[in-house]
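I have a structure here, written as structure tokens, and I will follow up with some questions on it.
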Amino acid sequence: MLSTTAASLRALETARQCAMLGAHHRTISFITSLTPGYIARAVYCRQYPAPIGRPQYSEDFLFKTSRRLQAEASLLAAHYRRLTGDGFLPADALITAYRHHRTTHPSSELGFDQAFFTVSRLDGIWAAGKSVLSFVECLNCHSSYLAAHGMAKRDNCPVCRTDWQAPSRRRTAANAPRSAPAPPVPPRPEHDEPWQLDLDIAHVRLVRRLEQLGAGHRVCAVLAGEHWTNLFRASRGRPTVTCAHLSRPMPLDHWSAKTEVTHRVQYAIFAAHFRRLVQLDLTPVEAICTAIEEMRKACHGYPKPVSFDRCFEIAALLESLWGVPTRQFDLVRCLECDSHHLVSKAETRPMGCPFCMLIRRHRVLLPTPEAAGANPS
Ligand SMILES: [Zn+2]
Ligand SMILES: [Zn+2]
């Protein structure tokens, strides 16, 4: 299972970019540190299949290839260097520079793996143990081009010696090499099966959101659809085994009496938002997260905020979700204040509207407006 740290989300998103740019398995492994098994299983898809063969890591690529490719690699590396100089991380700088290169040189033959290997050798990272390349400034065109360390400045700048107008030699050959960049890909057709990597990225994002909202690990597992959800059982004494009762269940037969008024206010606000969002066709998981955010905004500063897991239980009992067989709560409108609050169906004599009770309590606890007006501070 993937962990949900920021690092893992970053690795997945980086792997996604690399796969779309045609990176080899090994290249993605170097850049992201994802395991080979995971890359093989999830990173490629029908639309972005794994490239065949070995990645083009060639130590003398820069010195044996065409002048045009040397020039392109130098331009890309210079762009990469500007980005890392601006604080970009190497992976982001490489991906951005490569994308830029493909836009500015649409007929380029420079593959992503070659670009990767070039900047590896420039910075001594990833596939290279140490830095063996550096920039030399051309005295003629003032571009920076790549050369082996310690090479004297000579007049062999590939940038100004390339005929940029001429069509690429290899491009015009009958059999275009497989390193040729793929043409822009149209949006994925709907019948395509989902990309495992996209599912994993969405999953990691969801788990992080749940954790940030304070979901306990069991509720988190249920909402994120973890396969080990089935390990959870209801607490002892519950007649049914449901996902919704992962902790000590709420006393539904005395719910309003045993629940604090300020908690009932929060549950009521949560439940009203939750029901509205579910009716808007949000998934129950999205609806829970958004309803909790809305409720916390409305109840900002409450000294005793209700927990995420209790809200999950309220949602399950209100709409009979996550294994709850029937609805256990009604959302009832108060005739006095017009707001909605929760009433447990199992309770014979529920207490009144918590909003009205709050107002009443404030009337008792706080000085009356007259008294406050008589003693201005
Ligand atoms: Zn030059
Ligand atoms: Zn009321």
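Residue indices begin at 1 and follow the sequence shown. All values below come from the heavy atoms of this structure, side chains included, with hydrogens, waters and symmetry mates left out. Whatever order the structure lists them in is the order used to number ligands and atoms, beginning at 1.
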Could you grab the angle centred on the Zn ion (ligand 1), going from SG in Cys160 to SG in Cys141, to 10°?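 Answer comes to 120°, rounded to 10°.
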Check the orientation of Phe274 and Phe270. Use parallel for under 30°, tilted for 30 to 60°, and perpendicular for over 60°.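 Correct class here is parallel.
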For Trp195 and Tyr48, take the angle between the two ring planes, folded into 0 to 90°, and tell me which bin it lands in: parallel under 30, tilted 30 to 60, perpendicular over 60.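 Judged by the thresholds at 30° and 60°, the geometry between Trp195 and Tyr48 is tilted.
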Can any side-chain N or O of Tyr44 pair as donor or acceptor with the backbone N or O of His25 at less than 3.5 Å?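 At least one qualifying donor-acceptor pair exists.
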Using 2.8 Å as the threshold, say whether any N, O or S atom from Cys334 sits that close to the Zn ion (ligand 2).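 It does: Cys334 brings an N, O or S atom closer than 2.8 Å to the Zn ion (ligand 2).
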Is there an N/O/S atom in His142 at a distance below 2.8 Å from the Zn ion (ligand 1)?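 Short answer: no, not a single N, O or S atom is under the cut-off.
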Check the hydrophobic clustering (I, L, V, M, F, W, Y; side-chain heavy atoms under 4.5 Å; chains of links allowed) and say if Ile39 and Leu199 are grouped together.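 Not linked; separate clusters.
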